[in-house]
Amino acid sequence: CRIDPDDSRKPNGRDGYPRQGRRESHKQKTIIILSSVSMDQVFFIADFHLGDHDVFTKDENGRRMNVNVAVRDNWLLDMWMSQVGKKDCVYILGDLMAYRGETGENLLSRLPGKKYLIEGNHDENLRAFPGQFRSVELMMNKVFSPMVYPFLKERLNVTMCHYPMYSWYRKPEGAVLLHGHSHGNLDEFNRNSMELKADIGVEGELFQSIKRIPTLQDVYEFFMAKAEAFGMPTLALYARYCYRFKEARYNLEYSSEID
């Protein structure tokens, strides 16, 4: 905020500027800071299994197929390099790679973004590179605010774990669960369930539907589609609806048993 040099008002502050002008300046600075923060992207990945020769995929009939590890690695690495910026956050929900030693560390150091590791069952080798991650956890809860990410209609609580779970933090309030490990085998169950959880891995439904690394916006839109199918405008309202529905169904089944 710039003060008009022709302003005829008498200065009433020690520095000679009108106080109103100083308040406007602080207000505008705050807006600029929030705008710059919102430019950083947030990504979620799982089950990349880089360099893993035991990894496989499935054909259109659901049968296992061996994959060319080098081709698969290059596909995933090119995707990371083209999508993720230096200041972006990448939450890795386990089973990142099989590479060890200098090869593994060099690869991690070349990948852009601020990396947060939620350990999977094939990540023992990554413990040798603690300096490559902002944090290493078994499970993580994160809250994303609409003030920073304007596409959100509400505060979004995200629980991240490599393994699928039945219950998680603030689930009744609309919190979502992102997991890996299942390689798409739980997609049908998650889809038919009323719960807000999804396999974020490479073979998972969300990744396969967009063919790129899912962003926070992709995740929110994925779950909002489920809520809107029931006429709910937010995930919080959808979660309340689900719990009322479950309670009503339980009471109906319980009363039927008594009768």
Side-chain angles (χ1 to χ4, degrees), residues 38 41-47 57-62 79 83 89-91 93-94 118 139-256:
S38 66
Q41 284 272 28
V42 177
F43 296 92
F44 304 91
I45 67 170
D47 302 316
T57 188
K58 294 181 180 180
D59 63 14
E60 57 186 10
N61 296 317
M79 194 181 298
Q83 282 189 245
C89 295
V90 184
Y91 293 94
L93 278 65
I118 296 92
M139 185 171 64
M140 181 182 291
N141 298 308
K142 187 75 177 176
V143 181
F144 299 96
S145 169
M147 292 183 65
V148 181
Y149 304 98
F151 55 83
L152 296 174
K153 299 179 182 178
E154 60 200 305
R155 287 168 60 89
L156 180 62
N157 289 271
V158 181
T159 293
M160 293 168 272
C161 183
H162 180 65
Y163 307 99
M165 298 188 295
Y166 178 75
S167 186
W168 55 91
Y169 181 60
R170 290 193 168 175
K171 175 182 174 181
E173 302 169 32
V176 305
L177 171 69
L178 298 179
H179 67 85
H181 190 64
S182 304
H183 293 268
N185 291 315
L186 287 181
D187 283 345
E188 185 176 358
F189 176 83
N190 288 342
R191 192 184 313 117
N192 294 332
S193 167
M194 297 182 72
E195 297 179 336
L196 296 170
K197 61 181 177 181
D199 182 351
I200 202 72
V202 175
E203 287 84 22
E205 181 178 19
L206 178 51
F207 188 103
Q208 289 296 317
S209 65
I210 58 179
K211 296 297 182 183
R212 56 179 169 79
I213 301 175
T215 64
L216 177 64
Q217 185 167 357
D218 292 324
V219 167
Y220 185 62
E221 291 175 355
F222 179 83
F223 287 117
M224 276 303 300
K226 197 168 194 175
E228 289 170 353
F230 286 83
M232 299 293 133
T234 65
L235 298 181
L237 289 174
Y238 173 76
R240 292 174 196 165
Y241 167 80
C242 290
Y243 272 79
R244 289 172 184 166
F245 175 81
K246 289 180 180 179
E247 184 178 25
R249 186 174 63 180
Y250 171 80
N251 290 336
L252 181 61
E253 292 174 352
Y254 181 71
S255 61
S256 299

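What's counted below: heavy atoms across the whole structure, side chains too, no hydrogens, waters or symmetry copies. This is a predicted model, so every value here is computed, not measured.
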Answer yes or no: is there a donor N or O on one side and an acceptor on the other, between the side chain of [X] and the main chain of [Y], under 3.5 Å?
| X | Y | result |
| --- | --- | --- |
| Glu154 | Ala236 | yes |
| Asp187 | Gly204 | no |
| Lys226 | Leu235 | no |
| Tyr238 | Ala229 | no |
| Ser193 | Phe189 | no |
| Thr234 | Leu237 | yes |

Can you confirm whether [X] sits close enough to [Y] that some side-chain heavy atom of one is under 4.5 Å from a side-chain heavy atom of the other?
| X | Y | result |
| --- | --- | --- |
| Lys142 | Met160 | yes |
| Val202 | Met79 | no |
| Ile200 | Phe222 | no |

Could you grab the distance from atom [atom1] of [X] to atom [atom2] of [Y], nearest 0.5 Å is fine?
| X | Y | atom1 | atom2 | answer |
| --- | --- | --- | --- | --- |
| Asp47 | His183 | CG | NE2 | 4.0 Å |
| Glu205 | Arg191 | CD | CZ | 4.0 Å |
| Leu93 | Met140 | CG | CE | 9.0 Å |
| Asn190 | Leu196 | CG | CG | 10.5 Å |
| Gln217 | Tyr220 | CD | OH | 10.5 Å |

Would you call the rings of Tyr241 and Phe230 parallel, tilted or perpendicular if under 30° counts as parallel and over 60° as perpendicular? tilted
Neighbour count above 12 (heavy atom, 6.0 Å) for Met139 CE: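 Incorrect, the count does not exceed 12.
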Please determine whether the number of non-hydrogen atoms from other residues, nucleotides or ligands lying under 6.0 Å from atom CZ of Phe151 exceeds 12. yes
For Glu173, give me all partners under salt bridge (charged side-chain N to carboxylate O under 4.0 Å, His left out), at least two apart in sequence or on another chain. Arg170
Salt bridge (charged side-chain N to carboxylate O under 4.0 Å, His left out) filter on Lys153, not counting sequence neighbours, yields Glu228
Nearest atoms (heavy-atom pairs only) where [X] meets [Y]:
| X | Y | answer |
| --- | --- | --- |
| Gly180 | Pro164 | O-CD, 4.0 Å |
| Pro172 | Ala239 | O-CB, 3.4 Å |
| Leu152 | Phe144 | CD1-O, 3.6 Å |
| Phe207 | Gly201 | CB-O, 3.3 Å |

Test of understanding: with ring pair (Phe, Tyr, Trp, His ring centres under 6.0 Å), list the residues that count as partners of Tyr91, not counting sequence neighbours. Phe44, Tyr116
Between Lys171 and Tyr166, is NZ or CZ placed under 6.0 angstrom from the six-membered ring centre and within 45° of the ring axis? yes
Are Met165 and Thr159 close enough, and set up right, to give a side-chain contact (heavy atoms from CB on, under 4.5 Å), and what steps lead you there? CA-CA 10 Å; Met165 298 188 295; Thr159 293; 3.9 Å; yes
CA sep, side-chain torsions, deciding dist, call: Leu186, Asp199, side-chain contact (heavy atoms from CB on, under 4.5 Å): CA-CA 7 Å; Leu186 287 181; Asp199 182 351; 5.8 Å; no
Any side-chain donor-acceptor pair under 3.5 Å between Thr215 and Asp218? yes
What's the verdict on side-chain contact (heavy atoms from CB on, under 4.5 Å) for Phe223 and Leu156, showing C-alpha distance, side-chain angles and the deciding distance? CA-CA 11 Å; Phe223 287 117; Leu156 180 62; over 6 Å; no
